[in-house]
2 protein chains.
Amino acid sequence: MDASKQTIYTIADLAAEFGITPRAIRYYEEMGLLTPQRSQETQQRLYDRSDRARLKLILRGRRFGFGLKEIKELLNLYRVDTGEKEQMRRAIEYGDKHIAEVDEMIRELQETKEEMLEFRRRFERILAGEEDGAK
Amino acid sequence: MDASKQTIYTIADLAAEFGITPRAIRYYEEMGLLTPQRSQETQQRLYDRSDRARLKLILRGRRFGFGLKEIKELLNLYRVDTGEKEQMRRAIEYGDKHIAEVDEMIRELQETKEEMLEFRRRFERILAGEEDGAK
DNA sequence: CAGTATCTTGACGTGTACGTCACCTAATGG
DNA sequence: CCATTAGGTGACGTACACGTCAAGATACTG
Ligand SMILES: [Zn+2]
Ligand SMILES: [Zn+2]
Ligand SMILES: [Zn+2]
Ligand SMILES: [Zn+2]
């Protein structure tokens, strides 16, 4: 039971590192996505590596337009009791759905990129004089 | 100048096709992302294939968490006057930035998927009894 | 001709994700 | 000792993306 010598972050540390405000981090906690320890006397929030990892996942989810509710589900998905086999089986099942979602997003993004490149190529051709601006 | 015989959609057509509400479509117009024709007498909005294509792009952007402002910028990016060479050069330049953004998103999503698969594999191993639930 | 459906323009309401401010509590530095 | 800094808890404000009426015009339908 050696619980010492862990890296500890203050709320300002994490806010600075990820370019967000402490308010946002507290909000994620309000919504149940983070549960940092508190210093017994001052009630200060103390984040460890695992909290930091969770925050990283939250922010990644946010960047891709996920709501906090779904992100919370995902976080809990990979936090199941590895002793409860039935829970794990369900986690795998739900997880597969999300993996499929991510796959679909990757496909859509690649399609998007291809379309942007097509525009780019067309513009380049026009600039090179091989085509004019007429429809 | 043959401008007839075009496919025309009503607002309800598009709403049904894309699984959104007419209100959302009107909102995109309010924000300047769509400018459908109007029937001269009834003021009814009439969408053509190009409007439909724009709407498709809007919804794709939304799914990836982009705000309407940035989506509008992107739409205008590929709508430059192909006669104005300087405009096109700037369009290519801005476009490249967005392509890089999309690339970065693809990378992040692939990383995300890999992490999810790692969890999945770990769960499978535990279920197979090769590992127990202890830390 | 009355009813239902589909569109229009306001106008106000709502959920999410925070921003901002007031006020309070420690710890630190000159 | 007093000011600054860093953190805490409400509580209210705000931007965005719509949802949800209300009221009116028009068109098809039995
Ligand atoms: Zn999902
Ligand atoms: Zn961008
Ligand atoms: Zn001192
Ligand atoms: Zn009839």
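Note: hydrogens, waters and symmetry copies are ignored here, and every other heavy atom, side chains too, is used. Here is how names work: the chains are called A, B, and so on, in the same order as the sequence lines, proteins then strands, and each is numbered from 1. As the structure is a computational prediction, the values presented were derived from the model and not from experiment.
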Worksheet item: Atom CZ in Arg60(A), atom CD1 in Ile58(A): separation rounded to 0.5 Å?
Response: 12.0 Å
Practice prompt. In whole angstrom, give the distance that lies between atom CD1 of Ile11(A) and atom C1' of dG8(D).
Written response: 10 Å
Fill in: Spacing between Leu33(A) atom CG and dT16(C) atom C1', to the nearest angstrom
13 Å
Worksheet item: Is there a side-chain polar atom (N or O) of Arg62(A) under 4.0 Å from OP1 or OP2 of dT16(C)?
Response: no
Worksheet entry | Sugar-phosphate, base or nothing in reach of Leu68(A), heavy atoms under 4.0 Å | sugar-phosphate
Worksheet item: Between atom CG in Leu46(A) and atom P in dA6(D), what is the gap in whole Å?
Response: 16 Å
Worksheet item: Should the pair Arg38(B)-Glu29(B) be classified as a salt bridge under the 4.0 Å nitrogen-to-oxygen rule?
Response: yes
Worksheet item: Taking NZ, NE, NH1 and NH2 as the nitrogens, is one of them in Glu30(B) or Arg23(B) under 4.0 Å from a carboxylate oxygen of the other?
Response: yes
Worksheet, complete the sentence: To the nearest angstrom, the OH-C1' distance between Tyr27(B) and dT14(C) comes to 13 Å
Practice prompt. Could you say whether Lys69(A) or Pro22(B) is positioned toward the 5' end of DNA chain C, judged by the nucleotide with the nearest heavy atom to each?
Written response: Pro22(B)
Item to complete: Return the value, rounded to whole Å, for the distance between atom CD of Glu41(B) and atom P of dT26(D).
Response: 10 Å
Practice prompt. Could you pick out which residue, Ala24(B) or Thr42(A), lies toward the 5' side of DNA chain D when each is mapped onto its nearest nucleotide?
Written response: Thr42(A)
Practice prompt. Using a strict 4.0 Å threshold on nitrogen-to-oxygen distance, state whether Glu114(B) and Arg121(B) make a salt bridge.
Written response: yes
Discussion item. Between the side chains of Glu93(B) and Arg90(B), is the shortest nitrogen-to-carboxylate-oxygen separation below 4.0 Å, so that they form an ion pair?
Written reply: no
Worksheet item: Using 4.0 Å as the upper bound for N to carboxylate O, is an ion pair formed by Glu124(B) and Arg120(B)?
Response: yes
Worksheet item: Starting at CD1 of Ile25(B) and ending at C1' of dT20(D), how long is that distance when rounded to a whole Å?
Response: 17 Å
Worksheet entry | Presence of Thr10(B) side-chain N/O under 4.0 Å of dT6(C) phosphate oxygens OP1/OP2 | no
Discussion item. Rounding to an integer number of Å, can you tell me how far Tyr28(B) OH sits from dC18(D) P?
Written reply: 3 Å
Give each protein N/O atom lying under 3.5 Å from an N/O atom of nucleotides 9-12 of chain D, with the pair distance.
unit_1 : atom_1 : unit_2   : atom_2 : d
dT9(D) : OP1    : Arg38(A) : NH1    : 3.2
dT9(D) : OP1    : Arg38(A) : NH2    : 3.0
dT9(D) : OP2    : Arg45(A) : NH1    : 2.7
dT9(D) : OP2    : Arg45(A) : NH2    : 2.6

Practice prompt. Determine, step by step, whether Leu74(B) and Ile71(B) satisfy the side chain to side chain contact (heavy atoms under 4.5 Å, CB included) criterion, reporting the C-alpha distance in whole Å, the side-chain angles of both residues, the deciding distance to 0.1 Å, and the verdict.
Written response: CA-CA 5 Å; Leu74(B) 249 160; Ile71(B) 295 173; 5.5 Å; no
Worksheet item: Expressed in angstrom and rounded to an integer, what is the separation of Phe66(B) atom CZ from dA15(D) atom P?
Response: 23 Å
